[in-house]
There are 4 protein chains.
Amino acid sequence: MKNLKLAAGRADFSRSVIDVSGVKIGGEFVVIAGPCSVESEEQTVRTAIAVKKAGAKMLRGGAFKPRTSPYAFQGLGLKGLKILDKARKETGLPIVTEVVDTRDVSWVGEYADVLQIGARNMQNFSLLREVGKSGKPILLKRGMYSTLEEWLNCAEYILAEGNPNVLLCERGIRTFETYTRNTLDLSMIPAVRKESHLPIFIDPSHGTGILSMIEPMSLAALVAGVDGLEIEVHIDPSCALSDKDQQLSPAQFERLMKKLEATRLFMLELDDKIDSGEMAPTEAKDRGAGGRQGSFPEDAGRGGRKDRMVDDSSGGAAPDRSEIGHFKDSVD
Amino acid sequence: MKNLKLAAGRADFSRSVIDVSGVKIGGEFVVIAGPCSVESEEQTVRTAIAVKKAGAKMLRGGAFKPRTSPYAFQGLGLKGLKILDKARKETGLPIVTEVVDTRDVSWVGEYADVLQIGARNMQNFSLLREVGKSGKPILLKRGMYSTLEEWLNCAEYILAEGNPNVLLCERGIRTFETYTRNTLDLSMIPAVRKESHLPIFIDPSHGTGILSMIEPMSLAALVAGVDGLEIEVHIDPSCALSDKDQQLSPAQFERLMKKLEATRLFMLELDDKIDSGEMAPTEAKDRGAGGRQGSFPEDAGRGGRKDRMVDDSSGGAAPDRSEIGHFKDSVD
Amino acid sequence: MKNLKLAAGRADFSRSVIDVSGVKIGGEFVVIAGPCSVESEEQTVRTAIAVKKAGAKMLRGGAFKPRTSPYAFQGLGLKGLKILDKARKETGLPIVTEVVDTRDVSWVGEYADVLQIGARNMQNFSLLREVGKSGKPILLKRGMYSTLEEWLNCAEYILAEGNPNVLLCERGIRTFETYTRNTLDLSMIPAVRKESHLPIFIDPSHGTGILSMIEPMSLAALVAGVDGLEIEVHIDPSCALSDKDQQLSPAQFERLMKKLEATRLFMLELDDKIDSGEMAPTEAKDRGAGGRQGSFPEDAGRGGRKDRMVDDSSGGAAPDRSEIGHFKDSVD
Amino acid sequence: MKNLKLAAGRADFSRSVIDVSGVKIGGEFVVIAGPCSVESEEQTVRTAIAVKKAGAKMLRGGAFKPRTSPYAFQGLGLKGLKILDKARKETGLPIVTEVVDTRDVSWVGEYADVLQIGARNMQNFSLLREVGKSGKPILLKRGMYSTLEEWLNCAEYILAEGNPNVLLCERGIRTFETYTRNTLDLSMIPAVRKESHLPIFIDPSHGTGILSMIEPMSLAALVAGVDGLEIEVHIDPSCALSDKDQQLSPAQFERLMKKLEATRLFMLELDDKIDSGEMAPTEAKDRGAGGRQGSFPEDAGRGGRKDRMVDDSSGGAAPDRSEIGHFKDSVD
């Protein structure tokens, strides 16, 4: 994609890793979990303890809630950030929380480890530049009606301020379908892996809005090569002040995490399993995810775009990084 | 959903199985593969042999091609059907092919084992009634702009003629995004599993239009619980007369099939793996995909729709069928 | 647009005129009115008399109704066509009615003066070819999710069979907005006038689904240069079996027709009014292709498309047909 | 619509009028015109003089340009505002200009008469509250993927701060169609007139992105009852730094303004023309735009929403304000 000087995929297919208090986003599979909104200290701290126990590596929670109506619960603001801070002290989990106003970036940044830019603010260019200047890790959600190209250009806004720490999160797009809250676009996983070096996450909670879909979509995202997930978990979902119908209980989250971990370990070995059966001695030299019989040569895709995953099993091919994902323990 | 007398999910959560020459669609994981268009006997027969070898259970190939322009290749018609017949004789693979006109239903049905209704004809109600009357198995693609509700109502048109043999296939919907050919909506897998008893397939070829996305999306669909896939494979994609950029080569297809099979076997045991860690003796009796700690209670979803997957880990719960899918060998 | 050999706009900007029993579609402003469905002889004949009295030039009425559910009223079929025939005998109004099945084209064509292809069948290519072969005038509705390019290619299917008598009708497209039934795309009026020579109509009834919007949208379409309108009118809308909320009563229709006629006469003289005031001798020299001060030179539009409407009132230039529309009595 | 305490239509159907330096937005038909971006003093001042001469009542010009890419021209900022100030001094035209950052609201408000919120910032709730607090007139553009309900709720955010001076501007929504830059949704004119008391404008420049469409869409909007238009005009469009293909030249704008004025005067008398022919003595008492034979009774519209324009020709009906619009000189 033209004009993406900083966000575009690299020639060597290497991918960015963002270190957040030791959590290597882009280098290991990361689940960010927590309540939609910070509602009280008890609710947030108990939820943090529960998600940590289940294996989450970071805590999410909204202190500033973008609501369609001005009369809906808007979030606890500073009080909410202090509660998140308490939860971090209790659990050691780094905090991901949304910032909505350029004037708040520096002081919210005092509390947050990762600043989240919500879907409705994806093209709030002032805010992008401001969080760019902050240098803090930024989780940039895709706008509900934004193309991949616009999304990567928004990442470019942040990167252009000298802040390389951007992770992308797809959360569903708006379509004509009303059965789901949004239409979760999992094809963004291979798309981002091809067009950019930035980590790609999926938010299956907002992406579907339906509790029973969160598990299948999370597993699907994982095997498609996602770098991580952002999932809403509430200590008692029936009492939630927002997104009541889509937040997991701790028990549901724990079960999901077990499935994810088992599946992740399986995927780690999948390529080797497949290859050990078919790799003849001559081909052994060309291993790397791309250099195999049956991998994908350069493809044009729609509109003549060239597939950056060139494969040449005759030798010396650049590895097809889109496949490796987090099925390897080593950090990219 | 109201008015779906025949297509709606059943109270006992049982799912339909359609037997096509011994292939149990809905009862086992099925991959339908073959070229976009039937172009010549050599092309189609060689492709059939290749996909069979790789594990496909049915052959697809278009004899009547719906094209945007009247001047584009329209398919070989009857000649194409005879070629498919030859390929079936050679390989034993049942044939899936599109029918586009009410007048063709009976004689195309002489050749096809499964009649496919393409996306542009999803709401061609005359055609739906006609294939309903034929009694043949029907693969009903989702329209590129059709809601789940409209889609299931179209299935209802067919079922209402006394033909229970309908399988649904999601192939991507039209959105504002232009990076992919369509936006593949994998959430339709849990959605159909919840709202209907009919088998649900995914077509990742048309769904993305990008070769390198076919593998991740196929694996994603599998772990999300899909009943099968319909994939375009061509003996020599660079020479294809249609959809040149998205047809797999036999080698690529073979590799994908290996991954799918390994993943399928893994998923078969996943629930047991998870449970053996956590299942206490009393709960053992209530196993079945739904009766577990951490599974999903009734959820409202958007607009107050009730989640039909009721879970009660206290015992006697109806099994959560959405999870079982084809990770069991037994026929549902 | 490439590949439109027959449907594309002509070099001399001339526009097609389709003569239907003396009604010159494309040559005069035409309103087609009538009930959504033919429900009874009394309902249809009375409605026909009423719309004729108000100035409608053709009668519409559905005998075959495409319904989302198979259990909804499907139309009276042959009986409905006979009723339409009676209405024509009574009023002299030519009949426009939808045909849904290739097998019906010839015998429905015995009753209809114009065969309508509904939105859901826009890309039913078999049907397009069949109505093409019939030679009858065809009203081709835009699919609810079809691009202009696809739409014109569907017209090409019909024209390629040797049938030049195609009129296009925009009826709203499917978007995320749910306030209106569809989103009426009036920009299709100048778009079709630029890219094709075929007449362009608007259906504000399906296009909005809201009674009170029909008048403003009809007037808007008229001044934008539309060739005609297709409007639902029912002798007693509260009793209608379909589209109850969007059918006009005869009184409402009559009022609308008066406004349309007055506005049409006004628009006929508008260009002259403007010109007679402004053409000063010095400006005459600058005439040339953009040739009225303030007319539109060739413009690129999005994606570099050239605007084909060059205007030069100095003489010898092809007139800018997009502006003239039906504000002249003479036939194009 | 629920929860719209301040933005919802009033029981007496009265509409808001916003006085901006004597220009009565909502009370008279207003055209806001000017360049997409402020590029230089000469460009902006000359354009301002030209549009004023043609009848524009306010000047638009962007000093802060939201661009997809961070490397594109971002606007002249403060320098641009000073240029606009000069243009106002020269012509007396009030200024409409976009503000993009909460931190800029007060000082940009020193220069602007009307603060514009762009489509990408429609749901920038912090910004909405801040401009609400400013008390200045606000032009709120509809988001390219925002529903009417979301849009009116955003107006509510501003109104809830005690600032009643909000005018809405529809500028096209994002759809699958790529022929036009956006799909201009003129049905928002009657929709807003029904659901809210706020003035409704149309921006045909961004709404279509095609020069030759601006005139037909402007005329269409006018007869549909719009309160005004926001149109891009550049002294020399071929040299524009942004939106080169859709800015009118002064001559083109002048011609358009003449047509608009003539059409406006015509529409002012249209209802009377129609009525004088049909109004019987008893009906005379019930006049008022709504109280006529053939006007629109309460209609349900889609989803059972009630049409607030109740009409009862039996007497005493509330006037159907959606029709009056600006075809009367008197201020509502």
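The structure displayed is predicted, hence computed values, not measured ones. Order of the sequence lines sets the chain letters (A, B, ...), proteins ahead of strands, with each chain counted from 1.
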Point to revise | Closest contact, heavy atoms only, Lys194(C) versus Ser212(D) | key: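 Looks like NZ-OG, 2.9 Å.
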Point to revise | Minimal non-hydrogen separation, Ala224(C) against Met217(D), with atom names | key: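 Scanning both residues completely, I find the closest heavy atoms to be CB-CE, 4.0 Å.
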Indicate yes or no: at least one non-hydrogen side-chain atom of [X] is less than 4.5 angstrom from one of [Y].
X	Y	answer
Val223(C)	Lys259(D)	no
Met267(D)	Leu219(C)	yes
Thr175(C)	Glu177(D)	no

Check your understanding: Quick one: of Arg142(C), Lys244(C), Glu261(C), Arg174(C), who has the most non-hydrogen atom pairs under 4.5 Å with chain D?
Key ->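 Ranked by heavy-atom pairs under 4.5 Å with chain D, first place is Arg142(C).
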What distance separates [X] [atom1] from [Y] [atom2], expressed to the nearest 0.5 Å?
X	Y	atom1	atom2	value
Leu186(D)	Ser187(C)	CG	OG	8.5 Å
Lys273(C)	Thr263(D)	NZ	OG1	8.5 Å
Thr180(D)	Asp185(C)	OG1	CG	6.0 Å

Point to revise | Centroid-centroid under 6.0 Å between Phe176(D) and Tyr145(C) rings | key: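 Yes.
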**Study point:** chain D contact residues among residues 147-156 of chain C, heavy-atom distance under 4.5 Å
**Key:**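 Within residues 147-156 of chain C, the residues that come under 4.5 Å of chain D (heavy atoms only) are Thr147(C), Leu148(C).
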**Study point:** Non-neighbouring partners of Thr47(D) that pass side chain to side chain donor-acceptor pair (under 3.5 Å), sequence neighbours left out
**Key:**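 Thr47(D) satisfies side chain to side chain donor-acceptor pair (under 3.5 Å) with no other residue.
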Practice item. Please name all residues satisfying side chain to side chain donor-acceptor pair (under 3.5 Å) with Asp236(C), sequence neighbours left out, ordered by chain then number. Key: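 For Asp236(C) the side chain to side chain donor-acceptor pair (under 3.5 Å) partners, ignoring immediate neighbours, are Ser238(C).
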Point to revise | When Gly172(D), Ala191(D), Ala221(D) are compared by non-hydrogen pairs under 4.5 Å with chain C, the top option | key: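 The candidate making the most pairs under 4.5 Å is Ala191(D).
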Review point. With only heavy atoms counted, which part of Ile173(C) is less than 4.5 Å from chain D, the side chain, the backbone, both or neither?
Key: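 The answer is the side chain of Ile173(C).
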Exercise for review: Identify, with sequence neighbours excluded, every residue that meets side chain to side chain contact (heavy atoms under 4.5 Å, CB included) alongside Leu241(C).
Suggested key: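 With sequence neighbours excluded, Leu241(C) shows a side chain to side chain contact (heavy atoms under 4.5 Å, CB included) to Glu39(C), Phe73(C), given in chain and number order.
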Review point. Is it true that Asp271(C) and Lys258(D) have a side-chain N and a carboxylate O under 4.0 angstrom from each other?
Key: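 So Asp271(C) does not pair with Lys258(D) through a salt bridge.
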Review point. For Ser218(D), is it the side chain, the backbone, both, or neither that has a heavy atom closer than 4.5 Å to a heavy atom of chain C?
Key: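 No part of Ser218(D) comes within 4.5 Å of chain C.
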Point to revise | Under 4.5 Å from a heavy atom of chain C, the part of Leu270(D) involved | key: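 For Leu270(D), the side chain is the part near chain C, not the backbone.
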